[in-house]
Novice: 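Structure in structure tokens, see below.
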Amino acid sequence: MHPLPDRSAGHTDIEPHATGPDAQMTVKVTPDGTVVVSGEIDSATAPHLRRSLLAALDAHPEGVTLDLAAVTFCDCAGLRAFLTARAASAAPRPRLDGERRPPPLTFGPVSPRMTRLLQLTGTGRLFAPPKTGQPQ
């Protein structure tokens with residue numbers, strides 16, 4: 001049985017997906033566009049994650065930050081969900097002043113297991129937040 005969605009504090013809960021008797025993944029989208037993912041991301045939960053990310057990007061075209069601090073497992077299907085959402089959001093979007101905007105999908109906090117996956121695959125740099133400061 002899944003817990004009832006928490007609708008307090010402006011969170012949008014997306015129904016948890018079970019991957020086994022004791023495993024599940026939850027996705028929450030906060031009002032500021034942070035997508036908080038927890039649990040196991042695998043072939044059973046990745047399609048749900050992909051749909052949730054695309055919906056969050058539609059709702060927050062200015063950008064979405066991924067909070068993956070509570071992800072306990074992620075396989076290649078989960079990585080593909082992130083890359084698919086990134087591809088959908090990475091089309092060049094010119095600003096009025098002619099400058100290009102950074103991709104609207106970036107990583108915030110990331111669990112050690114996610115960090116290891118991103119290091120091994122070399123994909124973490126694709127989701128790096130934009131650098132701030134003056135060009136040299």
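These values consider heavy atoms only, across backbone and side chains, with no hydrogens, waters or symmetry-generated copies.
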Novice: With a 3.5 Å distance limit and no angle check, can you tell me whether D58 reaches the backbone of P61 through a side-chain donor-acceptor pair?
Specialist: no

Novice: Roughly how far apart are D32 CG and T65 OG1, rounded to 0.5 Å?
Specialist: 7.0 Å

Novice: Are F73 and L79 grouped together when hydrophobic residues (ILVMFWY) are joined by side-chain heavy atoms under 4.5 angstrom apart?
Specialist: no

Novice: Look at the side chain of R50 and the backbone N and O of A85, then say whether any donor-acceptor pair between them is shorter than 3.5 Å.
Specialist: no

Novice: Evaluate M25 against H48 for side-chain contact (heavy atoms from CB on, under 4.5 Å), listing each step before the verdict.
Specialist: CA-CA 9 Å; M25 176 195 71; H48 175 67; 3.4 Å; yes

Novice: Between the side chains of T26 and S38, does any donor sit under 3.5 Å from an acceptor?
Specialist: yes

Novice: Closest heavy-atom contact between I41 and T45?
Specialist: CA-OG1, 3.2 Å

Novice: Taking the side chain as every heavy atom from C-beta outward, state whether S111 and T72 have any pair of such atoms under 4.5 Å apart.
Specialist: no

Novice: Determine whether L68 and F82 make a side-chain contact, defined as any pair of heavy atoms from C-beta on separated by less than 4.5 Å.
Specialist: yes

Novice: Starting at CZ of R113, measure out to CD of E40 and round the result to the nearest 0.5 Å.
Specialist: 8.5 Å

Novice: For C74 and V71, which heavy atoms make the closest approach, and how far apart are they?
Specialist: CB-CG1, 4.3 Å

Novice: Please report the shortest heavy-atom distance between A46 and A77, naming the atom on each side.
Specialist: CB-O, 3.4 Å

Novice: A side-chain contact here means heavy atoms from C-beta on lying under 4.5 Å apart; do V37 and L49 qualify?
Specialist: yes

Novice: What's the separation between atom OG1 in T84 and atom CZ in R51, rounded to the nearest 0.5 Å?
Specialist: 12.5 Å

Novice: Check step by step if side-chain contact (heavy atoms from CB on, under 4.5 Å) holds for L53 and V27.
Specialist: CA-CA 9 Å; L53 292 173; V27 179; 6.0 Å; no

Novice: Taking all heavy atoms of L54 and all of A88, pick out the closest pair and write down the distance.
Specialist: CD2-CB, 3.6 Å

Novice: Run the side-chain contact (heavy atoms from CB on, under 4.5 Å) test on L118 and F107 for me, step by step, so that the C-alpha distance in whole Å, both residues' side-chain angles and the decisive distance to 0.1 Å come before the verdict.
Specialist: CA-CA 11 Å; L118 297 170; F107 284 148; 3.4 Å; yes

Novice: Over all heavy atoms of both residues, which pair between D42 and D75 is shortest? Give the atoms and the distance, please.
Specialist: CA-OD1, 3.3 Å

Novice: As an exercise, state the distance from NE2 of H60 to OG1 of T34, rounded to the nearest 0.5 Å.
Specialist: 8.5 Å

Novice: Taking all non-hydrogen atoms of both residues into account, name the closest pair between A56 and V35 and its distance.
Specialist: CB-CG2, 3.6 Å

Novice: Given side-chain contact (heavy atoms from CB on, under 4.5 Å), test F127 with L83 step by step and report yes or no.
Specialist: CA-CA 9 Å; F127 300 92; L83 293 172; 3.9 Å; yes

